[in-house]
Amino acid sequence: MKKREQWTSKIGFILAAAGSAIGLGAIWKLPYVAGTNGGGAFFLIFLLFTLLIAMPLLLAEFILGRSTQKEAVSAYRQVSPGTKWHWIGRLGVITSFLLLSFYSVVGGWILIYLFRSITGGLASLEADQYGPLFNNVIANPVEALIAHFIFMILTIWVVQGGIQKGIERASKYMMPALFILFLIIVIRSLSLDGAWEGVTFFLQPDLSEITSETILFAMGQSFFSLSLGVSIMVTYSSYLPKEESLPRSVGSVVGLSLFISLLAGLAIFPAVFAFGFEPSEGPGLIFAVLPAVFSQMAFGSVFFTLFIALLLFATLTSAFSLLEIIVASITKNDQEKRKKAAWSAGLLIFVMGIPSALSFGVMNDFLIFGLPFFDAVDFLVSNILLPIGALLISIFVPLKIPKDVLWKEMSQGTNIAKKWFAIWLFLIRYLAPVAIAIVFLNVIGVI
Ligand code: PHE
């Protein structure tokens, strides 16, 4: 049998895991979901969920992947053969499928904006014209579908080439560039007149704003933005050499992701208030606000093109991880099947995404539980399926993997104190499942 590919460097793994984590979640979703769900109160609860539940879960997924050296579905099979637990992996594959179907639609919007900014179609508008412009753009069915299609083709094309070659190489340069550009936007945004109101909105929690919905969305956001609950991180860490420290990797991925979420908020909200937008603008928020910020900057259109290109890259690295887990579960590392699996799964995802792509135009009135198709799939994935996946993983890992194996994986390559192991075990075994269950029960009104 062919030896499994491994990450050639620790930094390659961190960048790929961070590449999966950092994408639309932190940059597109966080600002608009925070904007519709209570601003600072949302961000505070999101932070608590990230640190106390999502972060320990990320370590759990890493441990499962590296200790078994298997992709998602097989990892569960190996730990618990002959049982139904591997359905956690299957659920992850199904969730990834649905997630990518609308993710790619937003990826398409980014492509459209990239195209328009290169061809000059976004320059020289008044700040308040960018919102209506975005609504026009996404309402056009042909443009939205073509863009969604091209985004999927790009994703398929990279994933069919294999994990290392495809992903590792480029993230080394693109992610740092994205950070730097983000810092520039934040500085510009913070120096606008009236910026402070946005900072307070985003960072000062008004506890009276907290509802069970706020908590549900904040929980979903914490899993979404770390790519948790779908066993993607299990798959990625299965390629990681034994010597690397898992807790340190967790720290880097969570740190980077939180930092970019903070930057996204600080880039968007000051400008929202300075320009008189509504924070509850919805999925179009960053597309309406950011071009307006750039239009107030020297060389704004050049910077905007660069920014949108980097955002496209960050979105693609997350999309690769989603398609990768689907492909890995079909091929089980049999590289011969890779091409076919990537194309067939990818094209099916494109088809699944069509109603989402049309949601803001011709299928405007097609509602599921009162939500447009796009929002309904997003809600199902982010607020139901990801938390269920996370809940099951938090039950599976401490229950089925022997304690000495857990400790060995956690302590490999570091001299971490044993008390951290006890704390982690408590968070994953008790706090995570109980908290997720309470949020669900609370939303459906049982408690
Ligand atoms: N974490 C990714 C983002 O923030 C989205 C994602 C979720 C990717 C779940 C994979 C799995 O954009």
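Whatever order the structure lists ligands and atoms in, that order sets their numbers, starting from 1. None of these values were measured; they are calculated from a predicted model.
The protein heavy-atom contact nearest to atom 1 (N) of ligand 1 is Phe224 O, 2.7 Å. From the protein, the heavy atom lying nearest to atom 3 (C) of ligand 1 is Ala21 O, 3.1 Å. Here the heavy atom of the protein found nearest to atom 2 (C) of ligand 1 is Ser20 O, 3.2 Å.
For ligand 1, the atoms sitting less than 4.0 Å from at least one non-hydrogen atom of Val230 are 11 (C), numbered in the order shown with element in parentheses. The contact set between ligand 1 and Leu99, taken as ligand atoms under 4.0 Å from a residue heavy atom, comprises 7 (C), 9 (C).
In this comparison of Ser225, Gly92, Ser227, the heavy atom closest to atom 8 (C) of ligand 1 sits on Ser227.
Under the 3.5 Å distance criterion, the side-chain polar atoms of Ser74 are left unmatched by any main-chain donor or acceptor of Arg77.
Note: an N/O pair closer than 3.5 Å links Gly25 and ligand 1 by distance alone.
The distance from atom CH2 of Trp424 to atom CZ of Arg429, rounded to the nearest 0.5 Å, is 9.0 Å.
Judged by the shortest distance from any of its heavy atoms, Tyr103 lies inside the 4.0 Å radius around the atoms of ligand 1.
A distance below 6.0 Å separates the ring centres of Phe43 and Phe46. Between Trp109 and Phe374, the distance separating the two ring centers is shorter than 6.0 angstrom.
Looking at Phe287, Tyr113, Phe307, Phe303 one by one, the single match for ring pair (Phe, Tyr, Trp, His ring centres under 6.0 Å) with Phe294 turns out to be Phe307.
More than 12 heavy atoms of other residues, nucleotides or ligands lie within 6.0 Å of CZ in Phe379, so this atom counts as buried by the packing criterion.
Neither the backbone nor the side chain of Leu228 has any atom closer than 4.0 Å to an atom of ligand 1 (non-hydrogen atoms only).
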